[in-house]
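Single-structure report; data block below.
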2 protein chains.
Amino acid sequence: MRNKTPTLDDVAKLAGVSRITASRYFRQPEKLRSTTQAKVAKAIADLGFSPNLAASALAGQPSKMVLALVSALSNPLFASLVSAMQSKLAEHGLHLLIADTQYDPDQEFQLLLELLGRRPDGILLSTIFHSPKTHKLLLQSAIPVVEVWDYPDSGVAINSAVGFSNHEIGYIAAKHLCLGPNPKAVFCGANDERDEWRWRGFTQGCNELGAPPPQRYELPLLPDIAQGKTALKQLLANQHDFNAIFFTNDLPAIGAVQLANELGIQLPNQLRICGFGNTEFAAHLQPSLSSISVPIEQIGKQAVSELINMLNGKAPQMHKLPASLIQGQSS
Amino acid sequence: MRNKTPTLDDVAKLAGVSRITASRYFRQPEKLRSTTQAKVAKAIADLGFSPNLAASALAGQPSKMVLALVSALSNPLFASLVSAMQSKLAEHGLHLLIADTQYDPDQEFQLLLELLGRRPDGILLSTIFHSPKTHKLLLQSAIPVVEVWDYPDSGVAINSAVGFSNHEIGYIAAKHLCLGPNPKAVFCGANDERDEWRWRGFTQGCNELGAPPPQRYELPLLPDIAQGKTALKQLLANQHDFNAIFFTNDLPAIGAVQLANELGIQLPNQLRICGFGNTEFAAHLQPSLSSISVPIEQIGKQAVSELINMLNGKAPQMHKLPASLIQGQSS
DNA sequence: GTGAAAGCGCTAACAT
DNA sequence: ATGTTAGCGCTTTCAC
């Protein structure tokens, strides 16, 4: 028969000290005589004791848990983000509670409602687009929130935000694609708020270079490679006049490059293509894909730093991190 | 000034009932008169109350948390796995606590030690290779463990395992690559236990087809595209005689396909290449990459099902899920 | 440097 | 159908 999980009392008894002394071993070991420390340490090891963090939390300690809500865990870009956040959190002894909102604001709200019951010390939200209910819930919970990934071009954040500007991304793409002579650009993106900002940046960039207003082609919400082929095919079929395409995701951009290859369209001479995300793959395409790159790791780590600052009582700060063009052969 | 987080007592007071009645609203609402239910519901809404799960756990309820330890969160394959597990867990009201072991058994042990303090109801371990310390710790913790991803070809599991057989993967690859006339195969894999099993399956497959014993070329632990180019380059430089290569990961396989293209090596006539993982990318290469595919989503979901079965008292079961060859043009 | 008492927010067991 | 009592495992005073 297996014994039940040992408690601090068991440790104390075995070590011949009081419970509170055993407790202090973890939080203020310097207060214990070294001989006492040794006794307690031995008891802990003998019992295989690990303190019940739920009880600590109840007794007033911070929960040492951070909640991360992510739009799509399976998206490799978000996976990198989560990975970066996790490792930084681990350095500070914080545990990561994670959930996938599947791009659904209602689900985000529901998950949040549930997970708030864990009393996390802080919250990392991997997108900046929330329902008003979520916004309100978060504010009244009074838990520090860092919105990660996008930087809110609207300027409005719950507490703090760390990320890249969608507007800037569109802008950079336009400035790059419209450099050649007689530029006629197409914007291929989804119909969501995020790509709306990129679209605005894109049109602004085209404008500033004196290029004609860009066309817009709508992509599904969840990007994949095949969409890029379809998009290019349709654009060609519709006899649109264009010589540059910005895809708001590398996957469809890759598809477009491949279709261009198949059709014998010369990149970048006849057509310039640029993607977003700087997938490992992009550099290995033939021709290699130009892509707007975003410092994912840095965003993740800095978001955690910002959160920790807030936990230490500092005032929330906004951090806009720079995106940059990785020049490939496709543009 | 903000009020502190409301408790069940606050709810009870506001609703004019006792604390336990308010508590039952969550767990056994059917026991409450509907008028009482309404009163409590209103109080909860008015206060924005969400029950403190740490307190519930302390009072004897299951923690409703599941711990997942993953080798590398940033690896897209694991990201898909985690995503699948998370959504299945969510269906059952279980929250996911996650950590990244970075392929390091010592770190795995340390993380486990810490995270056991959360008293998770179950544990999902995304690899089957652990240090003996970890093994012991897990056994004495008496928390149900499902090892996910690989199926232990050794037959030994902590409690239960859900995954594909590495041996089978090597075997399938060999059977496929050695089908042509006069096969001379190379195995490109890392120097770890996982690829050791694949190697054994691979040699067995070659054997059974009467092919000569395969050569082995060692790849770094963390795969990338460039490694495949290097590998093929070196194999060619060393004037080894071979006409088929199995890469234990799609990334280097992709690199090899690309180098073959550059060098004008005809795939699959002069050289047959097969990878592992069936990355989205594989199908879109030119020529498309053959790859051993593994049902990642299914593994994740079934692992969670198995865990839930164990939580319900069922005896642990082993589940070996089939891998399959996705035929491309590269072999 | 160590300990005793009280309490964190909840629930199980036993009333009524 | 609802309430009372006791206690989960820890930490916070406040003593010594």
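Below, chain A is the first sequence line, B the second, and so on; all start at residue 1. We use all heavy atoms of the structure for the numbers below, so side chains are in, but hydrogens, waters and symmetry mates are not.
- Rounded to an integer number of Å, the gap from A/K64 NZ to D/dT11 C1' is 15 Å.
- For a distance-only test at 3.5 Å, the side chain of A/R19 qualifies as a donor-acceptor partner of the base of D/dT11.
- Phosphate contact (OP1/OP2 of D/dG3, side-chain N/O of B/T21, threshold under 4.0 Å): present.
- Atom C1' of nucleotide D/dG7 and atom CG of A/L58 are separated by 12 Å, given to the nearest angstrom.
- Rounding to whole angstrom units, CZ of residue A/R118 and P of C/dC10 are separated by 13 Å.
- Distance from the side chain of B/T7 is smallest to C/dG9 among C/dT11, D/dG9, C/dG9.
- Between B/Q61 and C/dA12 there is a side-chain N or O to OP1 or OP2 distance below 4.0 Å.
- Taking atom CD1 of B/I20 as the reference point, atom P of D/dT5 lies 13 Å away to the nearest angstrom.
- Donor-acceptor pairing under 3.5 Å is recorded for the side chains of A/R119 and B/S50.
- Side-chain atoms of B/R19 and B/S23 include no donor-acceptor pair closer than 3.5 Å.
- The CD atom of A/Q37 sits 11 Å away from the P atom of C/dG1 (whole-angstrom rounding).
- Here the rule is side chain to side chain contact (heavy atoms under 4.5 Å, CB included) with B/Q302, and of B/L321, B/V148, B/L307 only B/L321 fits it.
- Spacing between atom CG of B/N52 and atom C1' of D/dC10 amounts to 13 Å, rounded to whole angstrom units.
- The shortest distance between the side-chain N/O atoms of A/R27 and the OP1/OP2 oxygens of D/dT12 is below 4.0 Å.
- Neither OP1 nor OP2 of D/dC10 sits under 4.0 Å from any side-chain N or O of A/S23.
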>> Under the criterion side chain to side chain donor-acceptor pair (under 3.5 Å), I'd like the reasoning laid out for A/E306 against A/S160: C-alpha separation, chi angles, the key distance, then a yes or no.
In response: CA-CA 8 Å; A/E306 170 63 21; A/S160 149; 3.3 Å; yes
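- Using modelled atom types, one finds a donor on one side chain and an acceptor on the other under 3.5 Å when comparing A/D150 with A/N166.
- The separation between B/K31 atom NZ and C/dA12 atom P is 10 Å, rounded to whole Å.
- Remark: C1' of C/dC10 and CZ of A/R119 are 11 Å apart, rounded to the nearest angstrom.
- Closest to the side chain of A/R24, from the set C/dA12, D/dC10, C/dT2, is C/dT2.
- Among the heavy atoms of the strands lying under 4.0 Å from B/L32 are primed sugar atoms or P, OP1, OP2 only; no base atom is included.
- For B/Q28 and C/dT11, the shortest distance from a side-chain N or O to OP1 or OP2 is not below 4.0 Å.
- Taking side-chain N and O atoms only, A/S18 has a distance below 4.0 Å to OP1 or OP2 of C/dG3.
- Residue B/T36 has a polar side-chain atom (N or O) positioned under 4.0 Å from OP1 or OP2 of D/dT2.
- You'll find that the side chain of B/P51 is closest to C/dC10, out of D/dG3, C/dC10, D/dC10.
- Note on A/F49: only backbone sugar-phosphate atoms sit closer than 4.0 angstrom, heavy atoms only; bases stay farther off.
- Not one N or O on the side chain of A/N312 forms a donor-acceptor pair closer than 3.5 Å with the backbone of A/K314.
- Residue B/E30 is the one, among B/E30 and A/L8, whose nearest nucleotide of DNA chain D lies closer to the 5' end (criterion: closest heavy atom).
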